[in-house]
Asks: 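Sharing a structure below in structure tokens format, with a few things to ask.
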Protein chains: 2
Amino acid sequence: METTRWLASDEQRWWRAYLRGNRELDVALDRDLSREGVSLSDYELLSMLSEAEGRRLRMSALAELIVQSRSRVTHTAARLERRGWVRRTPALDDGRGVVLELTDEGLGAVERLAAAHVASVRRHLVDVLTPYQFRALGEAMEAVRDAYASDPTTPASPCEPC
Amino acid sequence: METTRWLASDEQRWWRAYLRGNRELDVALDRDLSREGVSLSDYELLSMLSEAEGRRLRMSALAELIVQSRSRVTHTAARLERRGWVRRTPALDDGRGVVLELTDEGLGAVERLAAAHVASVRRHLVDVLTPYQFRALGEAMEAVRDAYASDPTTPASPCEPC
DNA sequence: GTGCGGTAGTTGACGCTTCAACTATGCACC
DNA sequence: GGTGCATAGTTGAAGCGTCAACTACCGCAC
């Protein structure tokens, strides 16, 4: 057992800032969206669909895009289907697959929600940073995102040493 | 109704990077901790307690520190109490108050968890950034955090126009 | 010292997320 | 062409988080 490399005091400070800022941003965005009757994760799903070609995506592609389990996407899609915003159709090229499609009603909803959401993102994130800070934040998070993708312990890999 | 100021393409890109990177980091940290039998939010509560003077904190102080509702903290504390890691005692100076205290067993748990958690934070965040990037991330998130604190629509303010 | 509004914390019900088990299909190899 | 293993998606139960209602207490005003 090797000794732990603890965080230096600056590292600690930034890590804490990340934890708190992130949590607060999440709370604020979710609160703003919930006034419109959807959660942030509902919105993420809908907005990915709205941008997809033909406003349709495979369930698993959707799951990966929004970084959620397939099970969660199934449940969320079921809820959104009950609201008439989304429709499930079998995938033509793969008998196991399901394609989720945004209905016209769903598209209307996304468009309405998007305006509120963008304002919220601006208010709680973009506008509180200098353009330079925002860019630095974005680039750092790109590095985090890409590291995850190439992480061998990510669920995608079924067994470690193969 | 005013027209929406949409995100410019760079802004969009960084915002998306933030969303995904953040989600993936969350998933990774939570997965690593869950192997030790606790969730990230359990850990945050425990670690705040472990650093507090006398390893004790008022419920509401704890709630604010980890940016969670008092109700959630009550539930989490109840679960941790069942595991023998924390103890609830009445606050001496305020008949309404409850002080949550980390037990010796709880302290042992935090110390064990901390090593694993720090390694996880390093692996998924600190080590994938240059020191300069990490600092920029931390400073940006400090700005986000501080903006939230001074936001008049934050739950702290009981009524809007007063 | 009574009334009143505000704060601290809890509770239980409901809704969302997770997890493990399951069905069904695809794909490779013999 | 059948066996075996992987992938796609669903299901239901259990756990966690949220919300509104509730108790109990504080502190001030009168």
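Chain A is the first sequence line, chain B the second, and so forth, proteins listed ahead of strands; every chain is numbered from 1.
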Asks: Pick the closest DNA chain D nucleotide for A:A61 and for B:S69 by heavy atoms, then say which residue is nearer the 5' end.
Replies: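 Of the two residues, A:A61 wins.
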Asks: Taking atom P of D:dG17 as reference, at what distance in whole Å does atom CG of B:D30 sit?
Replies: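 Nearest whole value for this atom pair: 10 Å.
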Asks: Would you say the side-chain atoms of A:S120 pair up with the backbone N or O of A:A116, donor to acceptor, closer than 3.5 Å?
Replies: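 Not a single qualifying donor-acceptor pair exists.
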Asks: Could you work out which one of D:dC19, D:dA8, C:dT18 sits closest to the side chain of B:H75?
Replies: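 For the B:H75 side chain, the nearest candidate turns out to be D:dC19.
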Asks: Are A:R145 and B:E24 within salt-bridge range, i.e. N to O under 4.0 Å?
Replies: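 Judged by the 4.0 Å cut-off on N to carboxylate O distance, A:R145 and B:E24 do not form a salt bridge.
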Asks: Is any side-chain nitrogen or oxygen of B:R70 closer than 4.0 Å to OP1 or OP2 of C:dG9?
Replies: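 False: B:R70 side-chain N/O out of range (4.0 Å or more) of C:dG9 OP1/OP2.
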Asks: Check the distance between D:dC16's C1' and B:L45's CG and give it to me in whole angstrom.
Replies: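 So the two atoms are 14 Å apart, to the nearest Å.
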Asks: State whether A:S60 places a side-chain N or O below 4.0 Å from either non-bridging phosphate oxygen (OP1 or OP2) of D:dG9.
Replies: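 A:S60 to D:dG9 OP1/OP2: side-chain N or O found under 4.0 Å.
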Asks: Atom CG of B:L62 to atom P of C:dT10: distance rounded to whole Å?
Replies: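 Rounding to the nearest Å, CG of B:L62 and P of C:dT10 are 11 Å apart.
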Asks: Separation of B:Q68 atom CD from C:dT10 atom P, in whole Å?
Replies: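 After rounding, the reported distance stands at 14 Å.
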Asks: Mapping B:M59 and B:S34 to their closest nucleotides on DNA chain C, which lands nearer the 5' end?
Replies: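 Nearer the 5' end of the strand: B:M59.
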Asks: Between A:S41 and C:dT17, is there a side-chain N or O to OP1/OP2 distance below 4.0 Å?
Replies: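 Checking A:S41 against C:dT17: at least one side-chain N or O falls below 4.0 Å of OP1 or OP2.
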Asks: B:R58 has an atom CZ; how far is it from atom C1' of D:dC26, in whole Å?
Replies: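 My rounded result for the distance is 11 Å.
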Asks: To check you understand the geometry: which heavy-atom pair defines the closest contact between B:F134 and A:W15, and what is its length?
Replies: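 Distance-wise, the nearest heavy atoms are CZ-N, 4.0 Å.
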Asks: Round to the nearest Å and state the distance from A:R23 atom CZ to D:dG17 atom P.
Replies: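 Rounded to whole Å, this separation is 9 Å.
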Asks: Is it true that B:Y43 and B:D30 share a donor-acceptor pair across their side chains at a distance under 3.5 Å?
Replies: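 Per modelled atom types, B:D30 and B:Y43 side chains form no pair under 3.5 Å.
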Asks: Between D:dT18 atom P and A:R31 atom CZ, what is the distance in whole Å?
Replies: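 Checked: the CZ to P distance equals 13 Å.
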Asks: Would you say B:Y18 and A:N22 make side-chain contact, with heavy atoms under 4.5 Å?
Replies: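 Yes - at least one pair of side-chain heavy atoms lies under 4.5 Å apart.
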Asks: Please tell me if the side chains of A:E36 and A:H117 come closer than 4.5 Å, counting only heavy atoms from C-beta onward.
Replies: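 The answer is no, as the side chains (C-beta and beyond) never meet within the 4.5 Å cut-off.
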Asks: If you check every side-chain atom of B:T76, which of C:dA8, D:dG17, C:dT10 has the closest atom?
Replies: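 Nearest listed nucleotide: D:dG17.
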Asks: Pull out every residue in residues 77-96 of chain B that has a heavy atom closer than 4.0 Å to any atom of DNA chain D, ordered by number, or say none.
Replies: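 Heavy-atom contacts with DNA chain D come from B:R79, B:D94, B:G95, B:R96.
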